[in-house]
Amino acid sequence: MSRLAQTEGLTDIQREILSTVRDFVDKEILPVATELEHRDEYPTAIVEGLKELGVFGLMIPEEYGGLGESLLTYALCVEEIARGWMSVSGIINTHFIVAYMLKQHGTEEQKEYFLPKMALGEIRGAFSMSEPGLGSDVSAITSKAVQDGDEYVLNGQKMWLTNGGTSTLVAVLCRTGDAQEGVAPHKAMTTFLIEKEPGFGEVRPGLTIPGKIDKMGYKGVDTTELIMDGLRIPADRVLGGMPNRGFYQMMDGVEVGRVNVAARGCGVAQRAFELGVAYAQQRHTFGKPIAQHQAIQFKLAEMGTKVEAAHAMMVNAARKKDSGARNDLEAGMAKYLASEYCKEVVEDSFRIHGGYGFSKEYEIERLYREAPMLLIGEGTAEIQKMIIGRRLLEEYRTQD
């Protein structure tokens with residue numbers, strides 16, 4: 001493993017898992033990632049390989065067929081996978097968030113039904129909060145579910161659904177009550193567990209997944225809309241069995257998702273540094289490798305420092321969550337710093353490559369288009385700063 005981004009205090013099992021994942025990335029992902037990305041092709045063979053490694057069940061408890069590992073182990077694996085191809089880590093992230101929400105909030109029947117199949121990758125998860133006019137204002141959700149006997153009828157349109165086509169289980173947040181004076185909007189939202197067929201078009205009666213959204217980067221993974229028109233869902237597919245708890249369940253999932261996005265930023269930044277430092281030693285100008293020019297050494301110094309700092313904050317946020325403590329401050333800081341530093345490290349590596357960085361033959365071109373997604377995924381930088389600022393004021397509140 002590289003000297004940068006090492007993690008102290010890991011167990012032998014954690015080190016073995018990370019070594020196995022890194023070998024898989026080096027042999028099975030890096031050699032094909034750029035070609036698949038340029039074709040916008042779903043990485044079926046890579047996903048099947050990760051299923052065999054048990055990555056889809058990494059944090060699912062052993063009693064449900066998973067490996068029962070910590071968030072830290074998972075985040076470090078995501079860092080390695082994103083180093084190979086960030087889109088693959090996105091495929092796993094959405095699955096992981098749904099599995100985590102089921103583990104933390106699901107009824108026993110829901111856990112027993114879904115988690116063993118999710119651990120094997122037979123059921124693949126996606127989750128959906130965002131809507132076309134929503135942005136970061138989750139309280140403005142308009143998708144609605146109305147109870148009709150032992151069922152709920154769902155109507156509405158969702159947006160930016162990662163794994164929308166390939167998933168077979170989607171956790172969807174809908175409004176289940178009308179706005180009332182004195183009642184906060186987030187107390188009238190419910191998470192529904194919607195099973196569906198993979199693919200596009202009408203994937204079950206009342207549920208349509210249109211084709212993939214064409215994106216600047218983050219290709220390979222399918223990003224879609226989700227349209228509900230009279231979709232009927234049994235009441236026993238309300239997450240946790242009780243309505244109006246969906247907002248808290250989703251925020252819990254997003255909190256660990258932010259650690260995941262931080263890990264992705266760390267992985268992409270680490271790969272950009274590897275590419276930059278290698279190219280700087282190969283490319284000659286004025287009779288010597290450009291790595292010997294002070295200006296390039298300064299860039300490498302800044303890049304390496306940012307990779308280390310982002311990794312340290314990501315590890316701290318994961319360990320805080322694993323301890324059972326509240327970690328929204330740490331997760332927000334880690335996501336904010338890692339995504340911003342990722343963008344800066346990728347851009348510096350791009351600059352080191354010069355004109356060649358603009359060529360699709362070079363891997364840094366792909367990373368340059370992938371990094372911006374991390375600036376908005378699981379909450380923009382501005383949202384993270386709002387969360388961080390509010391939590392700091394709670395911690396440092398002065399007496400009136």
Side-chain angles (χ1 to χ4, degrees), residues 1-7 22-23 25-40 79-89 215-220 261-315 334 336-376 381:
M1 297 180 73
S2 64
R3 290 190 66 245
L4 285 180
Q6 296 297 293
T7 309
R22 189 178 183 90
D23 286 344
V25 168
D26 288 340
K27 295 174 183 177
E28 305 296 335
I29 298 182
L30 279 172
V32 300
T34 297
E35 180 183 353
L36 291 175
E37 197 271 350
H38 287 167
R39 295 204 303 257
D40 197 6
E79 182 180 37
E80 293 292 348
I81 293 168
R83 174 182 157 268
W85 185 11
M86 199 261 288
S87 291
V88 178
S89 63
K215 309 182 296 289
M216 175 179 74
Y218 197 39
K219 293 179 178 290
V261 173
R264 283 197 257 178
C266 292
V268 174
Q270 188 175 159
R271 182 59 181 168
F273 175 81
E274 292 172 0
L275 294 171
V277 75
Y279 185 83
Q281 295 172 79
Q282 297 163 7
R283 171 71 165 149
H284 285 67
T285 63
F286 303 101
K288 61 183 178 181
I290 63 172
Q292 293 183 20
H293 294 294
Q294 190 178 64
I296 300 299
Q297 291 178 9
F298 282 4
K299 281 192 184 298
L300 293 173
E302 293 171 1
M303 292 161 67
T305 302
K306 289 173 181 177
V307 168
E308 279 288 317
H311 176 83
M313 291 200 73
M314 179 270 291
V315 168
Y336 168 59
L337 190 82
S339 58
E340 294 290 336
Y341 276 0
C342 174
K343 173 189 66 101
E344 294 170 11
V345 171
V346 167
E347 182 171 340
D348 278 343
S349 183
F350 176 85
R351 290 171 182 267
I352 288 171
H353 280 77
Y356 289 104
F358 209 62
S359 168
K360 286 195 171 186
E361 294 181 17
Y362 282 73
E363 188 180 341
I364 190 62
E365 181 270 342
R366 168 170 63 83
L367 270 58
Y368 194 78
R369 288 183 291 102
E370 289 178 340
M373 198 287 293
L374 298 172
L375 298 172
I376 55 177

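These values consider heavy atoms only, across backbone and side chains, with no hydrogens, waters or symmetry-generated copies. Nothing here was measured: the structure is a model prediction, and the numbers come from that model.
By the ring pair (Phe, Tyr, Trp, His ring centres under 6.0 Å) test, F298 pairs with no residue at all, sequence neighbours left out. Evaluation of the side-chain hydrogen bond (donor to acceptor under 3.5 Å, both in side chains) rule for K27 yields no partner, not counting sequence neighbours. The salt bridge (Lys or Arg N to Asp or Glu O under 4.0 Å) check on D23 picks up nothing, with sequence neighbours excluded. For K306, the side-chain hydrogen bond (donor to acceptor under 3.5 Å, both in side chains) criterion is met by E344, not counting sequence neighbours. Taking the side-chain contact (heavy atoms from CB on, under 4.5 Å) definition, one finds that A272 meets it with V345, V346, S349, I364, L367, sequence neighbours left out. With sequence neighbours excluded, the residues that form a ring pair (Phe, Tyr, Trp, His ring centres under 6.0 Å) with F350 are Y368. Under the side-chain hydrogen bond (donor to acceptor under 3.5 Å, both in side chains) criterion, E35 pairs with R39, sequence neighbours left out. For T7, the side-chain contact (heavy atoms from CB on, under 4.5 Å) partners at least two apart in sequence or on another chain are L10, L76, H311, V315, R319. Not counting sequence neighbours, E308 has no partner by the side-chain hydrogen bond (donor to acceptor under 3.5 Å, both in side chains) test.
At a threshold of 4.5 Å between non-hydrogen side-chain atoms, the residues L300 and I352 count as touching.
Among residues at least two apart or in separate chains, salt bridge (Lys or Arg N to Asp or Glu O under 4.0 Å) pairs with a member in residues 353-367 are R271-E363, E363-R366, E365-R369, R366-E370.
Contact between A262 and A338 at its shortest, heavy atoms only, is O-CB, 3.5 Å.
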Could you pull out every donor-acceptor pair under 3.5 Å between side chains of residues 277-291 and any protein atom, sequence neighbours left out?
| from | atom 1 | to | atom 2 | distance (Å) |
| --- | --- | --- | --- | --- |
| Q281 | NE2 | V277 | O | 2.9 |
| H284 | ND1 | Q282 | O | 3.1 |
| T285 | OG1 | H293 | NE2 | 3.0 |

